[in-house]
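So the structure is just underneath, and the comments pick up after that.
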2 protein chains.
Amino acid sequence: MSLRHAMLGLLAAGPASGYDLLKLFEISLANVWPATQSQVYAELSRLANAGLVKAAAEGPRGRKEYAITDEGLAELRHWLTDVEPKPVRRIDMLLRVFFLDRLDPAQAHDYLERQAAEAAQDHEELLELRETVSQGEDALSVYGSLALEWGLRFTAMQREWAEWAAGQVTALGGRTFNPVPTDPRLFGSGD
Amino acid sequence: MSLRHAMLGLLAAGPASGYDLLKLFEISLANVWPATQSQVYAELSRLANAGLVKAAAEGPRGRKEYAITDEGLAELRHWLTDVEPKPVRRIDMLLRVFFLDRLDPAQAHDYLERQAAEAAQDHEELLELRETVSQGEDALSVYGSLALEWGLRFTAMQREWAEWAAGQVTALGGRTFNPVPTDPRLFGSGD
DNA sequence: GTTCGACATGTCAGTATTGGAATGTCTGAA
DNA sequence: TTCAGACATTCCAATACTGACATGTCGAAC
């Protein structure tokens with residue numbers, strides 16, 4: 001239910017329409033929780049239905065502004081203090097690492113070097129983003145900069161790891177492996 | 001379509017039943033791509049339907065073993081070499097950081113300290129896992145250890161970041177912020 | 001000889017996410 | 001004046017994932 005709480009979090013800073021929220025998602029939260037139009041509008045209805053937000057004003061072009069309710073604010077605080085965040089569970093980039101033995105060592109090495117390059121580029125982009133954003137003094141910018149620092153550290157770590165792993169693959173060379181055990185000796189010592 | 005390719009990757013090491021695959025997911029891939037029973041059996045049918053695997057043998061208790069086909073092997077290699085992995089997009093732990101200004105500074109600090117502790121514990125668990133697994137000499141273990149090293153670096157990074165961020169929040173104290181801009185001056189210089 | 005637990009597969013309803021289509025309004029620039 | 005582009009909402013079909021339910025078999029230990 002993180003989308004729901006992300007929307008409550010944004011609305012906690014002031015009333016907004018679905019359209020506004022969508023822009024806020026794109027500008028501030030794109031790197032931690034992307035959301036599509038259909039998701040935002042649908043969830044806004046559910047939120048209103050649940051009494052966590054209420055219609056606050058109508059504007060031109062059918063614009064509908066919503067404001068967070070006391071109940072919504074309580075729910076947001078509850079989520080922040082009492083519910084532990086769900087850890088990231090699926091990492092496509094790492095999943096593939098398990099199957100790199102199906103490739104030539106040279107191809108496996110390339111894969112890891114590509115990941116290093118990708119991480120380096122992401123790192124650069126975050127540095128640029130920091131320049132763009134550092135003017136802002138609002139809360140989203142201040143706390144957002146903590147998140148940005150996480151991204152910087154993450155991409156740096158990923159780049160270093162991928163370089164290291166590429167080196168390991170080269171060191172391993174084209175050696176072959178014992179079969180993966182799937183019989184009654186399942187997951188024994190591998191000998 | 002990562003589940004599909006994860007299954008092809010496992011079947012590339014030898015024939016297996018849905019039940020076998022489920023165990024392999026739990027033991028080897030739980031930290032990078034968890035899968036449930038219903039997912040595995042359903043995907044196995046689709047894979048067979050698409051000609052990427054074929055029924056290889058039947059055993060007691062209705063056991064059905066599948067083997068990867070040449071087409072399946074080609075698809076696996078194509079996925080590994082030509083399709084870039086999808087980056088992780090949703091990070092619940094970081095999303096919450098954006099809304100920490102809705103809490104007392106003390107509570108925000110606690111949140112970050114809890115994340116540090118969580119990361120430290122995950123790090124310990126991975127160290128234990130490394131001891132358990134290091135006996136294995138099969139390919140999943142060898143390449144899996146590259147993935148494990150990623151986890152070790154990731155949890156170390158996360159712990160350090162969270163400690164740092166907790167310190168930042170304390171340094172910021174209880175200061176207040178400018179409102180998040182949502183009006184015509186949208187996302188200006190924040191002044 | 002029974003019974004418990006591991007082996008083994010299949011189905012279902014509910015939720016989250018994606019991406020696109022459909023529709024219409026207002027404003028500013030050419 | 002007209003017309004492109006931003007503003008603004010709603011609905012839909014397809015896919016992915018979760019957690020539970022249903023069903024049955026085999027082997028080993030008691």
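All chains are named by letter (A, B, ...) in the order of the sequence lines, taking the proteins before the strands, and each is independently numbered beginning at 1. Just so we're clear, the structure is a prediction, and the values are computed from it rather than from any experiment.
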- request: Please state how far atom CZ in A:Phe25 lies from atom C1' in C:dA16, giving the value in whole angstrom units.
  value: 13 Å

query: Can you tell me how far C1' of D:dT18 sits from CD of B:Glu43, to the nearest Å?
result: 16 Å

- prompt: Do the side-chain N or O atoms of B:Lys23 get closer than 4.0 angstrom to the phosphate oxygens (OP1, OP2) of C:dA6?
  reply: no

Interatomic distance where CH2 belongs to B:Trp33 and C1' belongs to D:dT18 [whole Å]: 15 Å

query: Just by distance, do the side chain of B:Thr69 and the backbone of B:Gly51 share a donor-acceptor pair under 3.5 Å?
result: yes

message: Check whether A:Ser145 reaches the backbone of A:Val142 with its side chain - one donor and one acceptor, N or O, closer than 3.5 Å.
response: yes

statement: Per atom distances to the A:Lys64 side chain, the nearest of D:dA8, D:dT10, C:dT9 is D:dT10

query: So, B:His109 side chain and B:Thr170 main chain: donor-acceptor pair closer than 3.5 Å or not?
result: no

- prompt: Do B:Met93 and B:Glu118 come close enough that some side-chain heavy atom pair is under 4.5 Å?
  reply: no

task: Can you run down the side-chain hydrogen bond (donor to acceptor under 3.5 Å, both in side chains) pairs that involve residues 45-59 of chain B, sequence neighbours left out, and say none if there aren't any?
output: B:Glu43-B:Arg46

Under-3.5 Å N/O pairs linking protein and nucleotides 24-29 of chain D:
none

- prompt: To the nearest Å, how far apart are A:Leu22 CG and D:dT9 C1'?
  reply: 11 Å

message: Tell me the interatomic distance from A:Arg46, atom CZ, to D:dT10, atom P, rounded to whole angstroms.
response: 13 Å

field: Side-chain heavy atoms of A:Leu47 within contact of A:Tyr66, under 4.5 Å
entry: no

task: Round to a whole Å and report the spacing from CG of A:Leu95 to P of D:dA16.
output: 14 Å

- prompt: Can you check the A:Met1 CE to C:dT17 P distance for me, whole Å?
  reply: 10 Å

field: Rounded distance (Å) that lies between atom P of C:dG10 and atom CZ of B:Arg63
entry: 13 Å

- prompt: Any sub-3.5 Å donor-acceptor pair from B:Asp20's side-chain atoms to B:Ser17's backbone N or O?
  reply: yes

field: side-chain N/O B:Tyr41 vs C:dT9 OP1/OP2, d < 4.0 Å
entry: yes

- prompt: Will you find, in the side chains of A:His5 and A:Glu75, an N or O donor that is under 3.5 Å from an N or O acceptor?
  reply: yes

field: Charged tip of B:Arg159 within 45° of B:Trp164 ring normal and under 6.0 Å
entry: no

query: Just by protein heavy atoms under 4.0 Å, how would nucleotides 18-23 of chain C read 5' to 3' in B, S and -?
result: BBBB--

